[in-house]
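Encoded as structure tokens, the structure appears first; notes follow it.
Nothing here was measured: the structure is a model prediction, and the numbers come from that model. First the proteins, then the strands, lettered A, B, ... as listed; each starts at 1.
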Amino acid sequence: MKYQAPRGVKDLLPPESEAFRRLEDEVRDLFVLSGFREVRLPIFESAALFFRSIGESTDIVEKEMYLFEGKGGEKLALRPEGTASLLRAAIEHRLAEPGRTSRLYYQGAMFRHERPQAGRLRQFHQAGAEILGPNDPDTDADLIASVSRYARETSIPGSQLLINSMGCDGCRPEYRKRLVAYLEDHKKHLCETCVRRISTNPLRVLDCKVEGCQPTLNTAPAITSFLCPTSREHFERVCQALNEGDIPYTLSPRLVRGLDYYTETAFEWVSDALGAQSTWAAGGRYNGLVSSLGGPDVPGVGLAIGIERLYLLREKSGTLPRSDAPPVTIALHPLDDDSRGYIRTLLTSLRAEGISCVGLFGSNRLKKAFVSAEREGARYIGLAGENERGSGTITIKDLGTGVQKTVPVAPIPQLASLLSSGFPADSTP
RNA sequence: GUGAGUGUAGCUCAAGGGCAGAGCACUGGACUGUGGCUCCAGGGGUUGGGGGUUCGAAACCCCUCACUCACCCCA
């Protein structure tokens with residue numbers, strides 16, 4: 001094979017492509033139902049935007065970004081996530097202003113140069129929703145509730161909500177100090193990467209999955225016992241709101257989001273039906289991010305759903321959305337060469353009436369036309385030869401029921417409505 | 001970036017040193033204005049690529065590429 005898709009990217013073919021689109025629509029509907037409006041964002045941005053927002057010492061920035069230079073030498077990057085882009089746009093167009101609330105969502109391809117595996121691609125798709133403005137726990141809880149409810153309604157298999165608090169600029173530094181001290185003391189029981197992270201990104205040590213590290217990490221100081229009164233109250237009220245809303249969750253003191261910008265509430269939805277990449281949606285509050293990107297001091301909270309992972313889950317549970325409407329209403333076949341023009345005219349007229357149709361011009365054999373019509377997924381086949389042409393009619397057969405009828409082609413709207421409303425069952429062949 | 005597993009027809013897979021095969025799919029015919037069935041025939045392959053061992057390699061060895069899964073990381 002001369003050309004094939006680059007590593008880690010996938011072609012989506014029918015019918016999977018259609019199911020994927022329906023899933024995206026489903027998520028869009030979910031956001032719209034909660035008052036979010038869409039922002040279409042560019043697929044690349046100034047690289048510095050991501051360095052700044054995601055964090056210099058994260059893996060994404062250190063080794064996973066697709067970087068390239070514009071003609072003028074400007075440093076650009078394919079977006080590895082959506083929040084940074086959305087906030088950039090919100091700040092640039094004055095949608096993030098103190099005292100007002102913006103609910104915005106985005107949806108599209110993201111790019112990270114990682115080794116592909118189950119549920120992990122180099123080009124993948126996320127849909128994310130961000131609320132800029134409010135800083136109250138009820139907003140967090142409401143956002144969380146919308147996704148948890150969606151998970152329940154669509155029967156996402158094995159889904160579980162994990163939540164934690166990351167504290168704020170006031171209390172996290174103190175906690176961080178205590179954690180580093182603890183980790184230093186227990187260095188000899190930790191793996192190599194953990195030891196390295198003590199100095200680069202100590203909070204992420206908590207995320208380590210190495211078996212040998214677990215005993216040490218289990219007894220490490222938990223951030224939740226170091227929260228300042230404000231952060232503690234915020235977190236407690238989020239949990240309380242979830243309790244009241246009957247949203248099940250698991251407190252996960254060692255949950256640390258991969259991106260540096262999170263503050264206060266952090267949450268993610270995992271599923272044991274997914275393989276090693278078990279997170280299918282995640283988010284959190286980011287109160288300092290807007291201002292650190294040059295905007296006003298506006299707090300925010302948001303989340304993103306990994307569409308491919310959602311797809312995997314729905315596939316596993318056999319609940320992928322499927323379009324039941326046939327792709328083509330009628331396939332038209334000329335019975336002789338003289339009828340080809342008659343058929344072409346009819347195709348144009350029917351499409352003008354919104355009826356999906358194809359012409360079967362490939363073979364003169366009627367038998368093949370039937371096979372082709374079925375392959376096209378057509379509901380009806382329409383035949384025209386000398387007789388139909390002479391009388392201005394078309395012979396239409398319902399491929400499902402076998403019911404057949406010869407009807408006038410004019411007026412076209414009447415023919416169109418016959419095709420879209422369906423054949424009477426009592427017609428005789 | 002590291003490790004393991006797998007690469008044979010469009011798809012699913014046989015052949016484990018001795019003629020590269022099956023099922024499905026595809027094309028044509030039986031069947032020239034009425035389909036799904038059946039029967040007959042046909043097209044398809046540098047066995048991922050390169051090198052080596054051997055009289056002989058799809059098979060054994062080395063290199064390489066790709067895919068899959070895992071580590072890592074994350075949606």
(message) Determine whether the aromatic ring of A:Phe370 stacks with the base of B:G36, defined as ring centroids separated by less than 5.5 Å and ring planes inclined by less than 30°.
(response) no
(message) I want to know whether A:His125 and A:Tyr311 have ring centres closer than 6.0 Å.
(response) no
(message) Of the options B:A70, B:C26, B:U34, whose atoms approach the side-chain atoms of A:Lys397 most closely?
(response) B:U34
(request) Say whether A:Glu386 and A:Ser339, considering side chains only, have a donor N or O and an acceptor N or O under 3.5 Å apart. (result) no
(request) When you get a sec, tell me which of B:C71, B:C26, B:C31 is the closest nucleotide to the side chain of A:Lys367? (result) B:C31
(request) Return the value, rounded to whole Å, for the distance between atom CD of A:Glu268 and atom P of B:C74. (result) 10 Å
(request) Decide, yes or no, whether a salt bridge links A:Lys187 with A:Glu184 under the criterion of side-chain N to carboxylate O below 4.0 Å. (result) yes
(message) Rounded to whole Å, how long is the line connecting atom CD1 of A:Ile54 with atom C1' of B:C74?
(response) 11 Å
(request) Taking the six-membered ring for Trp and the full ring for Phe, Tyr or His, determine whether the centres of A:Phe226 and A:Tyr175 are under 6.0 Å apart. (result) yes
(request) Let me have RNA chain B in dot-bracket notation, would you? Count Watson-Crick plus G-U wobble pairs, both distances under 3.5 Å, and use [ ] for pairs crossing earlier ones and | for inter-strand partners. (result) (((((((..((((....[..)))).(((((.......))))).....(((((..]....))))))))))))....
(message) What is the separation between atom CD1 on A:Ile381 and atom P on B:G36, rounded to the nearest whole Å?
(response) 12 Å
(message) Could you check whether A:Thr319 and A:Arg314, counting side-chain N and O atoms only, form a donor-acceptor pair closer than 3.5 Å?
(response) yes
(request) Look at A:Arg149 together with A:Glu153 and state whether they make a salt bridge at an N to O cut-off of under 4.0 Å. (result) no
(message) How many whole angstroms separate atom CD of A:Glu64 from atom C1' of B:C71?
(response) 14 Å
(request) Describe the nucleic acid contact of A:Gly119 in one word from base, sugar-phosphate, nothing, applying a heavy-atom distance below 4.0 Å. (result) base
(message) Please confirm whether the ring centroid of A:Phe44 lies under 6.0 Å from the ring centroid of A:Phe68.
(response) yes
(message) What's the closest nucleotide to the side chain of A:Lys10 if the choices are B:G36, B:A75, B:U68?
(response) B:U68
(request) Side chain of A:Ala276 only, please: which of B:U34, B:A70, B:G29 is the nearest? (result) B:A70
(request) Could you state the atom-to-atom distance from CG of A:Asp59 to P of B:C74 in whole Å? (result) 6 Å
(request) Among the candidates B:G33, B:C71, B:A75, find the nucleotide nearest to the side-chain atoms of A:Thr395. (result) B:G33
(request) Flag the pair A:Arg22 and A:Asp25 as a salt bridge only when some basic side-chain nitrogen lies within less than 4.0 angstrom of an acidic carboxylate oxygen. (result) no
(request) Give the rounded distance in Å between these two atoms: CD1 of A:Ile60 and P of B:A75. (result) 6 Å
(message) Please report the distance, rounded to the nearest Å, between CD in A:Gln107 and C1' in B:A75.
(response) 14 Å
(message) Between A:Lys75 and A:Glu69, does any side-chain N to carboxylate O distance fall below 4.0 Å?
(response) yes
(request) Could you check which of B:A75, B:G29, B:C71 has an atom nearest any side-chain atom of A:Phe124? (result) B:A75
(request) Could you identify which residues of residues 298-322 of chain A place a heavy atom less than 4.0 Å from some atom of RNA chain B, listed by residue number, or say none? (result) A:Gly306, A:Arg309
(request) Look at all strands and tell whether A:Asn387 reaches a base, only sugar-phosphate, or nothing, counting heavy atoms closer than 4.0 Å. (result) base
(request) Specify the glycosidic conformation (syn or anti) of B:G33, with syn defined as within 90° of 0. (result) anti
(request) Report the nucleotide, chosen from B:C26, B:U34, B:G1, that has the shortest atom-to-atom distance to any side-chain atom of A:Leu383. (result) B:U34
